[in-house]
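All remarks here apply to the structure that follows.
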Amino acid sequence: MTTVMLVDDSATMLMSLKSILTKAGYTVETAGHGKEAMDKLSKGVKPNLIISDVNMPQMDGITFVREARKAPGMRFTPMLMLTTESEQTKRNEAKTAGATGWLVKPVAPDQLLGVIKQVVPGA
Amino acid sequence: MSRLLRRRPASSAPTDSRVQTDVVATGLKDVPACCEVVGAHISDVIEQTGEAAASIVEQMIKVDGLAEETAANVARLAGTLGRTEAELSQATSSNDQLVDRLVRYFLYRDEQIRGLVDEMRGLRQHVAQIEEVSRATNILALNAMIEAMRAGDAGEGFAVVADEVRKLADRSNKAAHGIGSSIADLTGRLDAVLADDSSFEKDTTSVALETADTAMTRRLSGIANAQRELSELVTGVLRDTMEALQDAEQSTGALTAETTGAVGHVQFQDITRQLLEHVSDAVDQVRQATEDVIGYAEGSLPEETVRERAISVDDLRARHVMSRQRVTHGDHAGGAAAVSDDTPIIELF
């Protein structure tokens with residue numbers, strides 16, 4: 001069973017994405033910001049994929065990706081940024097931090113599921 | 001604010017700078033409060049659209065759940081109908097076999113009875129022989145009587161007649177024996193037919209169904225046809241129901257796809273929220289700038305601070321995060337931002 005961790009400060013986003021992914025057969029973990037997501041990783045949650053927003057309180061998405069890459073077993077885990085942010089410099093920052101890809105909101109469910117299948121082997 | 005400042009010089013004589021700053025302070029006095037009200041309204045809109053979006057997602061999830069439940073019920077019903085169709089087909093096949101066996105059985109009985117009838121015809125031949133013997137015996141007896149009348153000198157004739165009578169008696173004996181054995185055989189076979197039909201099992205293949213056309217086979221064929229028609233009717237109903245269920249499965253599948261799409265569209269709320277938050281920030285900056293100007297006009301804030309904290313349209317542009325914001329900004333303020341952002345929506349590194 002593939003586990004996806006969703007990190008977003010929008011409750012609506014978390015709810016809608018969780019619904020889409022659960023229906024597609026994925027197990028979903030959610031966090032409201034990067035710090036909460038890091039807490040979950042440190043408590044042993046081992047997602048097969050992370051989808052994170054960029055602009056969030058407490059810990060932004062790019063910092064989170066940078067920190068998450070240092071967590072045990074997360075070196076090769078795909079991490080996608082899902083954000084309204086479209087600035088190229090931000091994309092470059094995310095890439096440098098270790099992000100696997102960049103998706104600009106809104107993303108159609110079938111597009112999102114297609115990207116997941118691309119980046120997670122066997123998903 | 002700008003209308004107030006522009007109108008004044010047109011309708012009155014020039015005033016000194018103290019009066020001007022007083023007018024500016026008065027003109028801007030309520031702008032910060034207005035900005036706060038606008039900011040609060042924006043917060044309300046964000047909160048309400050957030051609640052509405054959450055409700056929409058919840059409702060969609062419920063609709064999704066109901067659609068999945070319906071799909072599961074439809075699948076279960078389709079499974080039951082499928083099994084019923086298979087069982088009906090098996091029962092029809094069994095009934096056909098049963099009717100086939102019944103027809104063969106009755107035809108087999110017909111054949112056996114026909115054999116008995118033939119045996120009875122054989123009996124008739126034996127009876128005819130006895131009759132013939134009887135007639136000949138009578139004639140011989142008559143002849144014997146005639147010869148007896150001539151007795152005396154023709155006594156030898158009795159010896160010949162006696163010999164013929166003996167032969168006739170012998171033939172009568174054989175015929176009677178034939179009748180006896182035929183009757184015994186018939187009795188035995190009739191008993192066997194009535195008591196035991198086990199030979200039907202091994203003889204049944206010799207019965208030709210295609211050529212059999214009797215009242216009994218017609219009746220049995222009628223029953224078989226009626227049963228087959230009923231089976232076809234039920235199978236047709238089952239097939240139609242299965243097709244309807246397949247349509248229902250497709251509809252529920254389409255419904256869940258639509259709800260998934262609708263849930264995806266709820267991302268608009270997050271985008272709108274961020275747009276409104278940026279507007280709210282901009283309004284707050286206008287408020288701050290206005291308060292600074294008022295403070296300067298009232299003499300409580302130095303000129304340097306006002307200049308230092310003055311807002312600029314370029315600062316506003318720098319805070320935009322969405323391509324759409326930059327385009328809209330450029331459309332109204334000009335500059336490079338007027339060019340549409342063509343970075344890909346999805347990019348894998």
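Throughout, protein chains are lettered first and strands after them, A, B, ... in sequence-line order, and every chain is numbered starting at 1. It should be emphasised that the depicted structure is a prediction, and the values quoted were computed from it without experimental measurement.
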For A/Val54, which atoms come within 4.5 Å of any heavy atom of chain B: side chain, backbone, both, or neither?
neither
Measuring heavy-atom distances to chain A, does B/Glu58 have an atom under 4.5 Å in its side chain, in its backbone, in both, or in neither?
both
With chain A as the partner, which of B/Arg273, B/Gln274, B/Gln267 has the greatest number of non-hydrogen pairs under 4.5 Å?
B/Gln267
Where on A/Ala99 is there a heavy atom nearer than 4.5 Å to chain B: the side chain, the backbone, both, or neither?
both
Pairs of heavy atoms under 4.5 Å with chain A: top-ranked of B/Gln325, B/Met60, B/Gln269, B/Glu347
B/Glu347
Segment of A/Leu112 engaging chain B (4.5 angstrom heavy-atom cut-off)
neither
If only side-chain N and O atoms count, and only distance matters, is there a donor-acceptor pair under 3.5 Å linking B/Asp315 with B/Ser312?
yes
Do B/Asn73 and B/Glu69 have side-chain atoms, one donor and one acceptor, less than 3.5 Å apart?
no
Regarding A/Lys18 and A/Thr30, do their side chains bring together a donor and an acceptor under 3.5 Å, going by distance alone?
no
Which atoms of A/Thr100 approach chain B - backbone, side chain, both or neither, heavy atom under 4.5 Å
backbone
Side chains of B/Leu301 and B/Arg309 in contact at under 4.5 Å (non-hydrogen atoms):
yes
Which bit of A/Pro109 is near chain B, if near means a heavy-atom gap under 4.5 Å: side chain, backbone, both or neither?
side chain
With respect to chain A, which residue among B/Val266, B/Leu275, B/Ile61 yields the maximal number of heavy-atom pairs within a distance under 4.5 Å?
B/Ile61
